[in-house]
Amino acid sequence: FFGLWRFMAAYIPSWDRSLRTLVLGVVMCTACVRWGFKVAQPASMILGLFGLFLAELKTRRNWALLASAGFVGCVKVTFGIPFLLIVAAQRRFKTAIALLIIWGSMNVIGIVGMGGFHILQDYRANMADFERADQLNYPDPRGFNSLARTDWPYVLNAIEPNFKRNNAIGYALSLATFGLLA
């Protein structure tokens with residue numbers, strides 16, 4: 001709530017309190033409906049932190065900007081990438097480097113806390129298990145147990161199943177998309 005409130009105050013100062021409150025209610029209700037009424041999903045928290053991030057970007061309060069973006073990157077790095085790209089696009093490279101340091105150090109602390117760097121091999125082995133045909137994460141829409149995905153290999157496997165080739169093409173297309181966005 002606080003992040004979205006700060007965002008509206010910074011970018012739409014003409015709105016009165018009642019309209020801002022209405023917007024907050026609609027946003028939070030749609031977030032709850034989207035996630036099956038599971039309020040514990042991080043979507044509304046990430047949205048609020050994004051609003052706070054944008055408000056602090058406008059007011060140039062670096063500590064709050066760094067705290068919100070750093071926290072989001074620690075929750076899930078893919079959520080943190082837009083924060084990092086916005087900061088980099090504004091040529092605030094010290095802030096971008098600080099965000100990378102925060103994310104990297106939190107990962108090192110987490111890895112060490114979980115038993116050391118050898119757990120990365122265990123993680124890779126566990127993730128390879130998800131690519132089996134009997135798993136929900138199987139990247140082929142023909143799989144009887146496969147859930148819909150939004151990545152390139154899933155789409156390419158729908159056209160012609162060739163997992164190695166489609167993963168390579170997927171990586172190349174993802175890099176090209178990242179380059180275009182950057």
Side-chain angles (χ1 to χ4, degrees), residues 1-11 24 27-28 31-32 34-35 38-132 135-137 139 147 149-154 167-182:
F1 286 121
F2 177 73
L4 291 176
W5 191 270
R6 290 270 301 135
F7 172 78
M8 288 185 283
Y11 287 92
L24 287 177
V27 167
M28 293 304 160
C32 288
R34 163 67 177 94
W35 292 106
K38 294 179 184 171
V39 183
Q41 287 290 333
S44 51
M45 178 185 66
I46 300 300
L47 177 64
L49 288 169
F50 191 60
L52 180 64
F53 169 81
L54 292 174
E56 302 310 332
L57 193 65
K58 184 174 182 177
T59 61
R60 299 230 175 251
R61 286 184 7 186
N62 281 339
W63 67 270
L65 175 125
L66 201 58
S68 61
F71 181 77
V72 169
C74 290
V75 168
K76 189 173 182 184
V77 71
T78 53
F79 290 161
I81 289 172
F83 292 72
L84 180 66
L85 291 177
I86 289 171
V87 169
Q90 294 208 344
R91 300 186 193 283
R92 297 174 75 173
F93 298 118
K94 288 180 184 176
T95 306
I97 290 169
L99 289 173
L100 290 172
I101 289 170
I102 290 169
W103 181 79
S105 62
M106 292 306 291
N107 274 285
V108 168
I109 290 168
I111 288 169
V112 170
M114 294 293 291
F117 286 94
H118 71 278
I119 67 164
L120 295 177
Q121 272 91 3
D122 297 340
Y123 176 75
R124 283 190 194 108
N126 190 29
M127 291 311 292
D129 217 25
F130 281 118
E131 296 294 322
R132 288 191 345 244
Q135 297 296 312
L136 293 175
N137 203 38
L147 293 178
R149 293 171 34 165
T150 58
D151 58 347
W152 288 112
Y154 186 83
N167 279 337
I169 292 171
Y171 282 126
L173 289 171
S174 294
L175 285 173
T177 304
F178 176 76
L180 179 67
L181 291 173

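Residue numbers start at 1 and run along the sequence shown. Only a predicted model underlies this, so the values are computations on that prediction, with no experimental measurement involved.
Scanning all heavy atoms of the two residues, the minimum distance from Ala96 to Leu84 falls at O-CD1, 3.5 Å. Gly170 approaches Pro153 most closely through the heavy-atom pair CA-CD, 4.3 Å. Considering every non-hydrogen atom in both Trp103 and Cys74, the closest pair reads CD1-N, 4.3 Å. A pairwise comparison of heavy atoms in Arg6 and Ala55 identifies O-CB, 3.6 Å as the closest pair. Shown here for Leu52 and Ser68, the closest heavy-atom pair between the two residues is CD2-CB, 4.1 Å. Residues Ala98 and Leu66 share a closest heavy-atom pair of CB-CD1, 3.8 Å.
Note that the CG atom of Leu173 and the CG atom of Leu180 stand 12.0 Å from one another [nearest 0.5 Å]. Interatomic distance, OG of Ser174 versus CD1 of Ile169, reported as 11.5 Å (0.5 Å rounding). Between atom CG of residue Leu4 and atom CG of residue Leu54 there is a gap of 10.0 Å, rounded to the nearest 0.5 Å.
Between Lys94 and Asn62, every side-chain heavy-atom pair lies at or beyond the 4.5 Å cut-off.
Screening residues 55-83 for ring pair (Phe, Tyr, Trp, His ring centres under 6.0 Å), with sequence neighbours left out, gives Phe50-Phe83, Phe53-Phe83.
The number of heavy atoms from other shown groups lying within 6.0 Å of NZ (Lys76) does not exceed 12. For OH of Tyr11, the number of neighbouring non-hydrogen atoms (other residues, nucleotides, ligands) closer than 6.0 Å is greater than 12.
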Can Leu24 and Trp5 be said to form a side chain to side chain contact (heavy atoms under 4.5 Å, CB included), step by step?
-> CA-CA 8 Å; Leu24 287 177; Trp5 191 270; 3.5 Å; yes
With side chain to side chain contact (heavy atoms under 4.5 Å, CB included) as the test, would you mind laying out the steps for Leu57 and Arg92 before giving the verdict?
-> CA-CA 10 Å; Leu57 193 65; Arg92 297 174 75 173; 3.0 Å; yes
Derivation and outcome, side chain to side chain contact (heavy atoms under 4.5 Å, CB included), residues Thr95 and Gln90 = CA-CA 10 Å; Thr95 306; Gln90 294 208 344; over 6 Å; no
